Number of protein chains: 2
Amino acid sequence: MSDKVFVSADEVARKAGVSRSAVSRTFTPGASVSEATRRKVTAAAEELGYHVNQLARGLMRNESGIVCLIASDVATPYRSALLRELTLQLQVAGKVTMFVNTDRSDGSVDRALHQAIRYRADASIILSGLPDKSITQLCLRNGQRLVLINRDDDQPGPLRINLDDRDAAGRVVSAFLRAGCTRLAFANSEAGTPSLMAREQGFIAVAKEHGLDVIVERYGWTGYEAGKIVAQRMLTRKERPDAVFCATDLLACGFMDAARHQFSLSIPDQLCIVGFDDIEQASWTSYHLTTFAQPVDTIAREAVTWLVDGRKDTPDGQSLKLHADLVWRGSVRGG
Amino acid sequence: MSDKVFVSADEVARKAGVSRSAVSRTFTPGASVSEATRRKVTAAAEELGYHVNQLARGLMRNESGIVCLIASDVATPYRSALLRELTLQLQVAGKVTMFVNTDRSDGSVDRALHQAIRYRADASIILSGLPDKSITQLCLRNGQRLVLINRDDDQPGPLRINLDDRDAAGRVVSAFLRAGCTRLAFANSEAGTPSLMAREQGFIAVAKEHGLDVIVERYGWTGYEAGKIVAQRMLTRKERPDAVFCATDLLACGFMDAARHQFSLSIPDQLCIVGFDDIEQASWTSYHLTTFAQPVDTIAREAVTWLVDGRKDTPDGQSLKLHADLVWRGSVRGG
DNA sequence: GCAGCATTTGCACACGCTTGCAAAAGCGGA
DNA sequence: TCCGCTTTTGCAAGCGTGTGCAAATGCTGC
C-alpha cells in the first residue's frame, strides 16, 4: 500500500495556478467559475490524472451518492433480472450501487442496513427479508430513504412496491375454468414469503367463489427441485389435478419436467399450468409456459425515481400496487 | 434532507465523558483502550445509535474497504452465479461490493473504473470487457488492485484468472470419439470473447490432430436464441454433424431444443452435445446436459484472497489457469 | 478616468475521523 | 513516599473536499 498516491485538488490548483476552491468549483456543477479558469483547471486535472475524492465530497455534502441493494438468492433468474434493472436505472440516475448479499438467516438484513448506515448510503432497497422495526426507524431518522419490494410491511416511511397478487390469482382461475379444468391445485414452497402466500390465498379464495376446492402442496425452498417434488406428491394422489398454478416459474419448470418425464402427461392436453415471474426459461421451447410477467422495469423505475428526486413533498413513501400481465404461451388450453 | 442527523463521535464522547480519541479507539480493532472506557463508550454509542462514518474513516486511512465489481449481462445464469459467489466471499473478507453494470459499448468499462477511482475503491474485479491500458495504469498507480476474470490480457499488474479452455476442448474431442462420432461441429456466438475463441480454436486443433474437420457456425450474442439459430443452420446442411460442442450452456440449451423439436432428433442417440459453464438449467431434466463446470468458488476465492491479504509480496498478479471438470450427464453416449 | 454593478476568486472554516506524541495515570517494589 | 515502568488518555494536526463571505476583478455607461 504505497502512500500518497492519489493526486489531490491542491496539486491541480498549484499546477493550474489557481486556488483550490477554483478546482473544487470546476467539478461542482452549477458553481461559479469563469470559462478561462475552468479550462486551465480541466487541463491540469487531465494531465495529472485527478479524480474527485467522493469520500471527501460525501463527507462534506452529507450525501454519498451510494444506494444500498439488499437481496438474497441473487443467482435466481427473477432476482438477477430485477437486480440488473435496478442497478441500470440507478446508474443513469447518477447513483452508485452498493450490493449486499444476505442469506435467509435472521439479522442478516439488519447487518446489511448497518453497513448502509456506516457508508452513509442515501437510500437502501430491500428485496429479501424484512428489517427490524428499530433498524427501519434508525435509517429513516438518519435521512436514509427505504424501498421495500414485494415485502408486505405496513410501517410508514419506506416506499412499498408490491404486485397485485390476488388479482393475478383471480385471472388464473378464470383461465383454468375457460379451459374446462375442474380440479385445481396450487404448488408452493415453504418459504412463506408474503407474495407467495398472497398468490396462494388469492387463488384459493377466488376458486371458492366458483365453488371449487384447491389442492395445495408446499415443499422446500422456491426452486426447480421443489417443483419436481411437489409434482410427484400431487400427481400420485388418488384424484390428480388437471390445472395447477405454480407460485413461481422455477417451481413450474420443475413441475412440468416431472409431469412429462415421470408421469408422461401431456401439457396442456392433460394438465394446464400457469407460473409467475416470466423468467427467461419460461419462454424456452421445452417449457413455453403461460405465466405472469413481473413489471421489472416499472418496479425499478418507480423505486429509483422516488429515491432520487424524492424531496420533502413525499417524505413518507406510499404503497404501490402494480399490475402483472398474463403472458399467454402454450401451457394452458385455449389461450 | 434534514441536516445534522447522524450522530458523531463527538457526541458519543461527550455523553460517555471521555475524549473523542477514546471513542475512535474503541471502534478501531487493536487500539489501546482500557476495558472501563470501552464499556462506557459502547454503552453511550448504543444509546445514541452511533455508527462509524466509513467515508471519514476511509478518507483518513486512505482505504475505503470498497471493492468494485464490473460486469455486463448480469442476469445471465453463469454471470449471476459468479457474481453471487464473489460478493459472498468479499463480504466474509470484510469488504463491501460496489457494483457497476456495463453494457457492451466501448468505454463502458473505463467509465466504471473511473467511478471506482472516485470512490477510492481498494480493488476492482472485471468480468466483462477490457479496460484501456491507460486506465489500467491509472488504477495500478493509485494503488488499486485489479483482477481480470476470463479476459485474455497480457499486461502485468492485474491478477488474471482463466480456465484452461484448450485442455477442456481436448477432452470433448476424446469424449466424442469414444462415443463413435465422426462429424464434429462447434457452435459459437459472434461475441468473440477470448474464452469463447479459445474453446473454438482448441477444439478445432485437437480435432485436426485426429484427422477430423470441424464445422463451425457462429451467430449473434451468446444466448439461448442464438443456440437455436445455430442449430437451424447446422442441421439443414447436406452433411449434418453428429456431435456438437457448444461454447456455452445457454447456446447448448437452445441448440438442444431446436434439434429435438424442430428436427426431431434424439439426444444422445443421433446427436451428442457438450456445453460449457454448468449453469443450473444444464441439470434440469429437459436438458440433462454433459458440460464443463466453471469452478466458480475457486475463482472467487483466488480473487478475493489475492485482493485482501495481497501485500508487497505479490505486487504483480500472476496468471492463474484453472481446471474445468467435465460433468457427465445424458447428452453424450457412453458416459 | 470613474462610479455602479455583476461576476469571479481566495480565504478559512467545517465535515468526522485516525494517530503520533507527550502528559497522566496506574502499579509494584524499595 | 518515591522511583521506574507500562498502560491509558487527551491534544492537535491532518485527510480532501464544499461553501459562505468578503475582496478583487471585469464590464458598461458616463
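Treat the numbers as computed from the prediction; the structure is a model and nothing was measured.
At the heavy-atom level, B:Tyr50 lies under 4.0 Å from the strands shown only through sugar-phosphate atoms. Residue contacts shown for B:Ser34 are limited to sugar-phosphate atoms, with no base heavy atom under 4.0 Å away. Within 4.0 Å of B:Val33, counting heavy atoms only, lie sugar-phosphate atoms of the nucleic acid but no base atom. Within the 4.0 angstrom heavy-atom criterion, base atoms lie near A:Ser32.
Ranking D:dT17, C:dC11, C:dG16 by closeness to the B:Met60 side chain, first place goes to C:dG16. With C:dC17, C:dG10, D:dG18 as the choices, the nucleotide that has an atom nearest any side-chain atom of A:Arg25 turns out to be C:dG10. Checking D:dG16, D:dG18, C:dG10 against every side-chain atom of A:Ala22, the shortest atom distance belongs to C:dG10. With D:dG18, C:dA12, D:dC15 as the choices, the nucleotide that has an atom nearest any side-chain atom of B:Leu59 turns out to be D:dC15. Proximity note for B:Ser19 (side chain, C-beta onward) versus D:dT9, D:dG18, D:dG10: the nearest is D:dG10. Distances from the side chain of B:Arg20 to the nucleotides D:dA12, C:dG20, C:dG16 place D:dA12 closest.
A side-chain donor from one of B:Ser108 and B:Asp103 sits under 3.5 Å from a side-chain acceptor of the other. Under 3.5 Å, the side chains of B:Gln54 and B:Ser64 contain no donor-acceptor pair of N or O atoms. With no hydrogens or angles considered, no side-chain donor-acceptor pair links A:Arg151 and A:Ser128 at under 3.5 Å. Side-chain contact check for B:Ser24 and B:Ser21: no donor-acceptor pair (N or O, by modelled atom type) lies under 3.5 Å.
As rounded to whole Å, 13 Å separates atom C1' of D:dT17 from atom CG of B:Asn53. Rounded to an integer number of Å, the gap from CZ of A:Phe27 to C1' of D:dT17 is 12 Å. For the pair A:Arg118 CZ and C:dG16 P, the interatomic distance rounds to 18 Å; values are reported in whole Å. A straight line from CG of A:Asn62 to P of D:dT19 spans 12 Å, rounded to a whole angstrom. If you take CD of A:Glu63 and P of D:dT17, they are 18 Å apart, rounded to a whole angstrom. As rounded to whole Å, 15 Å separates atom C1' of D:dG16 from atom OH of B:Tyr119. Atom NZ in B:Lys40 sits about 8 Å away from atom P in D:dT9, given to the nearest Å. What separates CZ of A:Arg14 from C1' of D:dG16 is a distance of 13 Å, to the nearest Å.
Side-chain N/O atoms of A:Ser21 and base N/O atoms of C:dC11 include a donor-acceptor pair closer than 3.5 Å.
Between A:Asp10 and B:Val18, the residue anchored nearer the 5' end of DNA chain D, judged by the nucleotide with its closest heavy atom, is B:Val18. Where A:Arg120 and A:Glu35 each meet DNA chain C at their nearest nucleotide, the meeting point lying more 5' is that of A:Glu35.
Using cut-offs of 30° and 60° on the angle between ring planes, the pair B:His51 and A:His114 is parallel.
For C:dT8, the OP1/OP2 oxygens have no side-chain nitrogen or oxygen of A:Thr37 closer than 4.0 Å. Side-chain nitrogen and oxygen atoms of A:Ser24 include at least one within less than 4.0 Å of the OP1 or OP2 phosphate oxygen of D:dG18.
Under a 4.0 Å N-O distance rule, the pair B:Arg145/B:Asp122 does not qualify as a salt bridge.
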